[in-house]
Amino acid sequence: MTADVILNGRHLAHHEGGYSTFRADLTDALEDENLLVVTVDNSANDRVYPQMADFTFYGGLYRDVKLIVVPAEHFELLKDGTPGIKVTPEVHLKEREAYVAVETWPVGGNEVWLEIPTEHGKEFRKVEIGNGHTYTNIILKNVHLWDGPDDPYLYTVTAKLVKNGEVVDEISNRFGCREFHIDPEKGFFLNGRSYPLRGVSRHQDLKGKGSALTYEDHKADMAIIRELGANTLRLAHYQHAQDFYDLCDENGLIVWAEIPYISKHMTNGKQNALNQMRELITQCYNHPSVVCWGLSNEITASGSVTEELLEDHREINELCHELDSTRPTVMAHAFMLEKDSPLIPIADIASYNLYFGWYLGELEQNEQFFDEYHAMYPDRVIGFSEYGADANTAFHSSRPEKGDYTEEYQCARLESL
């Protein structure tokens, strides 16, 4: 849940949230010989999400820890775990062009040079620094679209920080150019064509390793997802490793990214939810696979809808739009939440986790539920964010039925959609 960084007895950083990148500046505390201590704490508390959920809260250091050495003049590293560069493509399908805004945040230096892609290769552009920030627009003609699993094309932009004519720091970032929109009646569209989304949710754990996954483990998960024929993925219920977002970009998957504001609302948790969302968007903004930001998951599972709950969601939703005007927000609601709840319209997209045919009811009730919801709110976008049935692969039956935990019933549940 929390981490502290201490160098030579000097406390340098405290971070709350176990899923996002954070960095500490060691410079001023360095000595000839150094003792670096990172302490982590998974104790229950009333302010850091998640505190209640149906997945394991593993402890310890489970992602890469890196020592980054840069000159005094460098691209920003500290603020919200930033990659130091922000790329915002705007695709115009008719003209087959993309307007791409590129921003950087240099610390010191005299100027920034960008190595930018063009229709015929690449070019270099000098960008002036103003108040620790640079901004420039480029036009990609005959743009090569990022177009799902069949053609997940990625461009690369490189920024070089220059001081007195010498390059002192350099960063690169990939990006993809795609246009998407969602119609309440016709569904999801990618690059101007109807694009039905079918996929799975993914957690970041593995038998024998917990959440301490290697890059090869991430690749193995992706191979399974691709083998299923999925074209979309919900990364449940927290920020995943950057390696996996990279794999999603490379494989053309449409991704729902979210924070672990889940199951139990906490009066003292608002700032942490805002911080985790800010980090998620800052760190994942450049990934073309990500198309929406998830505010919460089944947040009413252990309590009612209160004005405090509504206000927290409004603030997180506003933060998302402030940080990113290009992507909608979404919430995943528990199946017991009333269709007319004031919580639902806060996000741009509503979505339900429905388990008809498992926890309650019958398989065919899923269609009935969505027909009723669409009839009530024809102008709202509604999604189907979770479904399924539990199974033990050792359990089998020639007459599968609800609650028997057989693989055959799980298959029947899946195939009924």
Side-chain angles (χ1 to χ4, degrees), residues 19-21 81-83 85-91 98 100-101 117 140 143-157 172-182 187-204 213 215 217-259 277 279-295 320 323-330 332 348-349 351 383 385:
Y19 302 99
S20 55
T21 295
T82 176
I85 188 169
K86 181 179 180 181
V87 185
T88 308
E90 180 184 313
V91 173
V100 184
L140 286 173
V143 62
H144 193 155
L145 297 175
W146 184 91
D147 204 28
D150 292 335
D151 191 11
Y153 187 81
L154 295 168
Y155 289 95
T156 299
V157 61
S172 292
N173 208 100
R174 299 184 304 178
F175 67 96
C177 296
R178 80 285 188 269
E179 185 276 337
F180 71 90
H181 64 276
I182 311 172
F188 189 88
F189 285 73
L190 178 65
N191 297 328
R193 71 186 188 280
S194 178
Y195 195 80
L197 299 178
R198 299 184 178 95
V200 293
S201 293
R202 186 247 187 183
H203 275 286
Q204 63 171 20
L213 303 187
Y215 182 63
D217 295 327
H218 292 306
K219 286 177 64 177
D221 270 5
M222 180 57 69
I224 294 169
I225 292 162
R226 289 297 305 276
E227 183 184 8
L228 287 170
N231 66 359
T232 189
L233 190 60
R234 183 177 176 206
L235 294 183
H237 294 290
Y238 36 74
Q239 185 170 333
H240 287 231
Q242 286 298 312
D243 280 344
F244 200 79
Y245 292 103
D246 288 340
L247 286 169
C248 291
D249 294 343
E250 294 163 9
N251 284 272
L253 294 185
I254 299 296
V255 169
W256 164 335
E258 63 188 39
I259 59 171
M277 182 60 79
E279 291 173 335
L280 174 70
I281 295 176
T282 299
Q283 294 167 29
C284 296
Y285 184 92
N286 295 332
H287 291 286
S289 55
V290 177
V291 302
C292 59
W293 305 116
L295 307 185
C320 289
L323 295 174
D324 184 0
S325 62
T326 71
R327 294 178 175 97
T329 55
V330 64
D348 302 313
I349 303 168
S351 198
S385 41

Next item on the list: Quick one: do Ile349 and Thr329 satisfy side chain to side chain contact (heavy atoms under 4.5 Å, CB included)? Show the steps, please.
Entry: CA-CA 6 Å; Ile349 303 168; Thr329 55; over 6 Å; no
Notebook entry, point to check: Given Phe189 and Phe180, is the ring-ring contact (aromatic ring centres under 6.0 Å, His included) satisfied, shown in steps?
Noted result: CA-CA 5 Å; Phe189 285 73; Phe180 71 90; over 10 Å; no
Check: Given Phe175 and Tyr155, is the ring-ring contact (aromatic ring centres under 6.0 Å, His included) satisfied, shown in steps?
Finding: CA-CA 5 Å; Phe175 67 96; Tyr155 289 95; 5.5 Å; yes
Checklist line | Stepwise side chain to side chain contact (heavy atoms under 4.5 Å, CB included) test for Met277 and Glu258 | finding: CA-CA 8 Å; Met277 182 60 79; Glu258 63 188 39; over 6 Å; no
Next item on the list: Quick one: do Asp221 and Arg226 satisfy salt bridge (charged side-chain N to carboxylate O under 4.0 Å, His left out)? Show the steps, please.
Entry: CA-CA 9 Å; Asp221 270 5; Arg226 289 297 305 276; over 6 Å; no
Checklist line | Audit row: His203, His240, ring-ring contact (aromatic ring centres under 6.0 Å, His included) steps and yes/no | finding: CA-CA 8 Å; His203 275 286; His240 287 231; 7.2 Å; no
Next item on the list: Would you check, one step at a time, whether the test side chain to side chain contact (heavy atoms under 4.5 Å, CB included) holds for Leu154 with Trp146?
Entry: CA-CA 7 Å; Leu154 295 168; Trp146 184 91; 3.8 Å; yes
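Interatomic distance, Asn191 CG to Arg178 CZ, rounded to the nearest 0.5 Å: 9.0 Å. One finds the CG atom of Leu323 at 5.0 Å from the CD1 atom of Ile281 (value rounded to the nearest 0.5 Å). Atom CG of Leu253 is separated from atom CZ of Arg202 by 11.0 Å, given to the nearest 0.5 angstrom. For the atom pair OG of Ser351 and CH2 of Trp256, the computed distance is 4.0 Å after rounding to the nearest 0.5 Å.
Between the side chain of Ser20 and the backbone N or O of Glu279, no donor-acceptor pair lies under 3.5 Å. For the pair Tyr238 (side chain) and Gln204 (backbone), a donor-acceptor distance under 3.5 Å is present. The main-chain N or O of Val255 is never found under 3.5 Å from a side-chain atom of Arg234 such that the two would form a donor-acceptor pair.
No donor-acceptor contact under 3.5 angstrom links the side chains of Thr326 and Tyr285, judged on distance only. With 3.5 Å as the limit, one finds a donor-acceptor pair spanning the side chains of His144 and Asp151. Counted by atom type alone, Gln242 and Gln283 present zero donor-acceptor pairs between their side chains at under 3.5 Å. Inspection of the His287 and Asp249 side chains reveals an N or O donor paired with an N or O acceptor under 3.5 Å. At a cut-off of 3.5 Å, with distance as the only test, no side-chain donor of Asn231 or Arg198 sits close to an acceptor on the other residue.
Shortest non-hydrogen contact noted between Pro149 and Gly252 is CD-O, 3.4 Å.
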